[in-house]
Amino acid sequence: MKIAEQNSTELKLTDSAGCLWIFGLFFIIMGGIFISGLLGMFQNLDELSNLEKLGAWIISLGGFLAGVYLIYQNPGSGILFDRGNNKLIITRTGLFRNQKEEYGLNEIKDIVLTKSTDTDGDPVYRVEAELKTGKLIPLSILWLQNKEVMEDKIKTIRDFLK
């Protein structure tokens, strides 16, 4: 999460899952190459048995779909705290979806750091807005390991909202 712009009435933050999109694109390209090969671009396709072709189709489609899923699950986020209009606007842009959420700044109780663990058991964090109703709104979809940087972002947001 990066501060894109800040002035007296607006604080804009951006969050990009660029490296995950590149990783997903790698799976899409590799799966696509094998899918195109199975559709006739491989010169020796007739040498494969039907069982081998089935296995190749499953693996190729699996890789392609894994790439699509990875990109879909990690949208880029734009977060706007707008004092002039008393709004928090969160936009998420990704593959096959564009979402926009709006909340009043007066609905926000606090900006908090939520902790979880990754697959290795290491702690990961993300910044969330806690509403007065108790609902937590993730400002970022991504979970990061750098707690100090996340706490610094929280301090910047809290100072802006004062």
Side-chain angles (χ1 to χ4, degrees), residues 1-35 58-162:
M1 182 180 294
K2 292 186 257 181
I3 297 173
E5 186 180 326
Q6 183 175 1
N7 58 43
S8 61
T9 60
E10 291 184 348
L11 173 63
K12 293 180 185 179
L13 303 162
T14 59
D15 191 23
S16 174
C19 60
L20 292 171
W21 288 0
I22 291 170
F23 192 53
L25 187 61
F26 169 77
F27 277 102
I28 290 171
I29 290 170
M30 294 308 293
I33 289 170
F34 281 93
I35 288 170
I58 291 170
I59 292 170
S60 300
L61 288 173
F64 183 85
L65 293 175
V68 170
Y69 179 77
L70 190 60
I71 293 172
Y72 179 80
Q73 284 299 106
N74 295 288
S77 300
I79 301 103
L80 172 64
F81 292 92
D82 185 354
R83 276 197 217 146
N85 294 314
N86 191 37
K87 290 190 181 220
L88 163 61
I89 302 170
I90 304 169
T91 55
R92 303 207 197 282
T93 306
L95 189 64
F96 306 123
R97 69 172 166 176
N98 290 320
Q99 297 173 319
K100 184 176 182 180
E101 300 174 60
E102 291 188 19
Y103 303 94
L105 292 181
N106 56 349
E107 294 178 57
I108 299 172
K109 178 180 175 183
D110 196 8
I111 304 297
V112 297
L113 187 65
T114 303
K115 180 180 177 181
S116 186
T117 55
D118 64 10
T119 56
D120 296 329
D122 297 327
V124 289
Y125 307 92
R126 85 173 165 194
V127 178
E128 297 183 336
E130 182 181 3
L131 302 182
K132 291 178 181 174
T133 61
K135 182 179 178 183
L136 292 173
I137 307 299
L139 298 181
S140 170
I141 296 296
L142 300 177
W143 292 87
L144 303 173
Q145 292 183 335
N146 197 339
K147 182 179 180 181
E148 292 78 25
V149 169
M150 303 303 277
E151 287 174 337
D152 185 50
K153 298 300 180 215
I154 289 173
K155 182 182 180 321
T156 300
I157 295 168
R158 283 179 180 162
D159 289 345
F160 177 79
L161 292 175
K162 286 183 182 178

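Along the sequence shown, residues are numbered consecutively beginning with 1.
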Is the closest side-chain donor-acceptor distance between R83 and T9 under 3.5 Å?
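Distance-only check fails for R83 and T9.
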What are the two closest heavy atoms between [X] and [Y], and how far apart are they?
X	Y	answer
G24	L70	N-CD2, 3.6 Å
R126	L142	CB-O, 3.4 Å
F64	I35	CB-CD1, 4.0 Å
L139	S77	O-CB, 3.9 Å
Y72	P75	O-CD, 3.9 Å
Y103	K135	OH-NZ, 4.3 Å

D122 (side chain) donor-acceptor with D118 (main chain) under 3.5 angstrom
no
To the nearest 0.5 Å, what is the distance between [atom1] ([X]) and [atom2] ([Y])?
X	Y	atom1	atom2	value
E151	E148	CD	CD	6.5 Å
Q6	L11	CD	CG	5.0 Å
E10	D82	CD	CG	4.5 Å
Y125	N146	OH	CG	10.0 Å
E107	T133	CD	OG1	7.5 Å
E128	T114	CD	OG1	3.0 Å

Quick one: are [X] and [Y] in side-chain contact, heavy atoms under 4.5 Å?
X	Y	value
I79	V127	no
T91	N98	no
L131	I108	yes
K109	K132	yes
P138	R92	yes

Please tabulate, for the side chains in residues 153-162, all donor-acceptor contacts under 3.5 angstrom to protein atoms that are two or more places apart in sequence or on a different chain.
from: K155; atom 1: NZ; to: D159; atom 2: OD2; distance (Å): 2.9
from: T156; atom 1: OG1; to: D152; atom 2: O; distance (Å): 3.0
from: R158; atom 1: NE; to: D110; atom 2: OD1; distance (Å): 3.1
from: R158; atom 1: NE; to: I111; atom 2: O; distance (Å): 3.2
from: R158; atom 1: NH2; to: D110; atom 2: OD1; distance (Å): 3.4
from: R158; atom 1: NH2; to: D110; atom 2: OD2; distance (Å): 3.3
from: R158; atom 1: NH2; to: I111; atom 2: O; distance (Å): 2.6

Going by the ring-ring contact (aromatic ring centres under 6.0 Å, His included) test, which pairs reach into residues 6-27, not counting sequence neighbours?
F23-F27
